[in-house]
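Just so it is clear, the values below take in all heavy atoms, side chains as well, and ignore hydrogens, waters and symmetry mates.
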Amino acid sequence: MITSVLVANRGEIACRVVRTCRELGIRTVAVHSDADGNALHVRVADTAVRLPGTAPADTYLRGDLIVKAALASGADAVHPGYGFLSENAGFARAVRDAGLVWIGPPPEAIEAMASKTRAKELMGIEPLREVTESDLPVLVKAAAGGGGRGMRVVRRLVDLDGELAAARAEAASAFGDGEVFVERYLGGDAGARHVEVQVLADTHGTVWALGTRDCSLQRRHQKVIEEAPAPGLSAPLTEELHALAVRAARAVAYVGAGTVEFLVAEERAHFLEMNTRLQVEHPVTEAVFGVDLVAEQIRVAEGHALPDDPPRARGHAVEARLYAEDPARDWAPQTGRLHRLAVPGAVRLDTGYTDGDDIGVHYDPLIAKVVAHAPTRTEAVRKLASALERAVIHGPVTNRDLLVRSLRHEEFAEGRTNTGFYDRHLPALTGPAPDPHAPLAAALADAHGRSRFGGWRNVPSQPQTKRYATADGEHEVRYRHTRDGLAADGVQVVHADAGLVILDVDGVRRRYEVSRHGDRVYVGATALTALPRFPDPTAQHAPGSLLAPMPGTVVRVAEGLTEGAAVTAGQPLLWLEAMKMQHRITAPVTGTLSALRAAPGQQVEVGALLAVVEATP
């Protein structure tokens with residue numbers, strides 16, 4: 001009987017496991033890096049153990065430190081969550097050798113499937129040994145781990161070596177294993193969908209196939225929106241997917257929860273890999289089948305048998321991953337204080353943050369997962385889109401608007417999406433959709449209660465002006481103080497105070513809730529920054545300046561790159577690592593590199609000058 005579980009993970013993942021353990025009456029132990037000392041997963045666990053350092057390689061990837069933490073805290077079991085060491089056979093063995101219960105598959109099963117190259121061989125699939133022009137495009141992929149890290153699509157042979165190096169470095173940083181392999185790329189242009197099957201197996205020979213999930217909406221090979229069951233699959237194809245998933249599990253004597261992933265194109269299933277762990281998107285399966293997969297993992301680890309048949313599926317579930325990132329700027333991750341997070345409606349919210357927490361540079365930018373379940377797919381999608389649209393998210397830029405627009409896109413509504421969805425539609429999904437009256441509401445709320453210079457005069461007052469920056473540019477608004485309060489041209493100001501503005505626009509009343517955090521003003525879902533009346537002339541950069549889009553570490557500068565070198569538009573100049581991903585900084589124009597301010601190992605803040613490229617006349 002398990003009485004105390006150490007969760008070898010962080011953030012939303014650890015909070016998810018802790019929640020189920022509490023429901024089962026099991027004590028929990030958190031581990032944390034120095035950057036996570038006050039993180040939510042630390043606060044919700046019963047006890048916590050520090051892992052000195054901040055980088056994953058020094059903390060959450062140190063299996064030896066985690067085993068010591070489990071023993072020191074009196075835990076009798078370890079749950080790896082998903083990510084980090086969850087698919088590390090050596091860690092699983094170390095946990096067992098220490099006399100602890102491992103809540104996961106046998107190390108031998110992890111070993112057989114953790115390397116995607118060996119997994120494909122087990123399923124009778126050979127990776128590419130040599131790449132020729134006829135093989136393009138190809139996908140460079142990390143042999144260990146997942147989540148889009150260590151993955152690169154290569155469409156030109158000349159780019160292959162560079163992308164192999166980048167993928168190896170990214171995989172080593174994220175998983176502690178730099179092995180990569182190459183396979184043919186079957187992308188959205190081929191109509192491919194990413195479909196997976198949830199499996200659950202016990203130690204008594206029972207293997208469940210808990211339906212399908214569609215995870216085709218991805219950016220950088222990392223999932224954004226997932227749903228269960230996968231829409232539009234024929235009954236024979238669904239049966240084939242279930243059978244292949246069970247076959248993969250039985251082939252390695254699998255125990256616990258796992259996921260078998262496929263690309264589906266033209267009614268054919270192409271095996272990708274088996275993830276020997278719980279997946280981020282497991283809540284949609286839980287909603288449809290009415291099970292708690294973490295609870296089932298614990299029961300299986302205690303030796304309990306599963307019933308012969310899985311529960312029946314009911315309804316449809318959709319999950320959206322809310323990231324601190326800017327889709328309009330090449331998905332650049334964002335950092336900063338999350339002042340407020342509130343998602344209304346009858347949806348499930350899995351998160352590792354609460355109001356006032358900081359989103360840092362060291363780890364994945366996932367803020368939360370929002371899950372809706374309903375009798376039909378249409379109802380579930382509508383419920384999720386509405387909840388996200390009405391959510392209060394004050395802090396770094398997020399992908400919230402992208403999620404809402406994706407869910408309401410005709411292609412998604414009809415279940416016709418594939419892995420090329422964002423390649424085709426990203427510009428339309430990320431274009432600004434500002435509320436034209438949000439800047440005015442911000443100005444009126446700011447003006448409320450301010451005393452006017454001198455007393456009331458029976459003459460019209462001069463208009464007051466305020467300037468704000470929003471996602472779609474700068475806005476100047478005007479308003480006046482009158483005998484009856486505040487007024488503005490073109491609208492009727494029904495009410496205005498510091499937290500609420502009500503405007504009558506052409507006979508329609510609109511409510512605007514206003515919040516302030518530093519120099520940022522939030523009017524509903526619109527974030528605004530108050531601008532000074534007179535811009536600072538020193539806050540200017542030369543044309544062609546390349547600024548750091550996020551805080552991070554310069555991990556590489558292009559070989560041989562020096563000041564004075566000729567560069568071409570789109571040429572990679574340096575690589576910046578942030579939130580476990582490497583981001584290429586490329587030349588904006590063809591010209592001359594007139595300044596290079598970055599060096600490998602250098603820590604940079606957002607907006608730091610990295611280089612300057614002067615365009616060729």
Side-chain angles (χ1 to χ4, degrees), residues 116-117 120 125-143 145-174 178-192 194 216 218-222 263 265 270 272-273 327 329-332 418-427 544 546 549 554-562 565-577 581-593 596 598 600 610-611 613 615-616:
K116 295 172 178 60
T117 51
K120 286 180 179 293
I125 304 168
E126 288 289 329
L128 287 173
R129 303 298 180 186
E130 294 185 9
V131 180
T132 65
E133 286 283 352
S134 62
D135 297 318
L136 298 175
V138 295
L139 181 66
V140 178
K141 198 170 185 179
R149 298 173 188 87
M151 294 178 68
R152 295 287 193 280
V153 177
V154 180
R155 302 183 185 277
R156 304 186 306 167
L157 274 181
V158 69
D159 298 330
L160 182 59
D161 288 344
E163 298 294 17
L164 281 168
R168 288 190 185 104
E170 198 168 83
S173 174
E179 181 188 354
V180 299
F181 67 98
V182 180
E183 64 183 7
R184 288 183 176 85
Y185 177 60
L186 189 61
D189 49 357
H194 189 122
S216 296
Q218 304 177 6
R219 95 290 194 262
R220 291 181 170 174
H221 310 289
Q222 194 165 23
L263 281 179
H270 304 265
L272 281 177
E273 60 187 310
R329 294 173 52 219
D330 195 28
W331 311 97
N418 55 49
T419 56
F421 180 80
Y422 288 125
D423 293 335
R424 295 188 300 275
H425 302 302
L426 188 60
L546 295 173
V554 178
V555 293
R556 187 155 61 101
V557 175
E559 187 176 354
L561 189 69
T562 59
V567 297
T568 58
Q571 176 183 336
L573 304 180
L574 55 97
W575 285 258
L576 187 67
E577 184 173 88
M581 298 287 284
Q582 287 194 9
H583 308 269
R584 292 190 304 176
I585 307 299
T586 61
V589 294
T590 297
T592 302
L593 183 71
L596 180 61
L610 302 174
V613 177
T616 301

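- Side-chain contact check for R329 versus P549: some heavy-atom pair is nearer than 4.5 Å.
- For the atom pair CD (E163) and CZ (R168), the distance works out to 11.5 Å, reported to the nearest 0.5 Å.
- Of all heavy-atom pairs between L426 and P327, the closest is CD2-O, 4.0 Å.
- Put simply, NE2 on H194 and NE2 on H221 are 11.5 Å apart, with the number rounded to the nearest 0.5 Å.
- Put simply, the residue from L596, L593, I585, T586 that forms a side-chain contact (heavy atoms from CB on, under 4.5 Å) with L546 is I585.
- Qualifying side chain to side chain donor-acceptor pair (under 3.5 Å) partners for T562, counting only residues two or more places apart in sequence or in other chains: none.
- Atom CG of residue D423 and atom CD of residue Q218 lie 10.5 Å apart, to the nearest 0.5 angstrom.
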field: Verdict with reasoning, R424 to N418, per side chain to side chain contact (heavy atoms under 4.5 Å, CB included)
entry: CA-CA 10 Å; R424 295 188 300 275; N418 55 49; 3.0 Å; yes
message: Set out, in order, the CA-CA distance, both residues' side-chain angles and the distance that settles side chain to side chain contact (heavy atoms under 4.5 Å, CB included) for L160 and V158, then state yes or no.
response: CA-CA 6 Å; L160 182 59; V158 69; over 6 Å; no
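- A donor-acceptor pair is defined here as one N or O able to donate and one able to accept, closer than 3.5 Å; such a pair exists between the side chain of R220 and the backbone of D330.
- Closest of all the heavy-atom pairs between V182 and L164 is CG2-CD2, 4.1 Å.
- For the pair V131 and V154, the minimum side-chain heavy-atom distance is 4.5 Å or more.
- Considering CZ of R556 and CD of E577, their distance stands at 11.5 Å, rounded to 0.5 Å.
- In terms of heavy-atom proximity, A192 sits nearest to L263 at CB-CD2, 4.3 Å.
- Residues satisfying the side chain to side chain contact (heavy atoms under 4.5 Å, CB included) test with A598, not counting sequence neighbours, are V554, L574, Q602, L610.
- Taking CG of L576 as the start and CZ of R584 as the end, the distance is 13.5 Å to the nearest 0.5 Å.
- Remark: the backbone N or O of A569 is paired with a side-chain donor or acceptor of T590 at under 3.5 angstrom.
- With sequence neighbours excluded, the residues forming a side chain to side chain contact (heavy atoms under 4.5 Å, CB included) with A558 are L561, W575, listed by chain and number.
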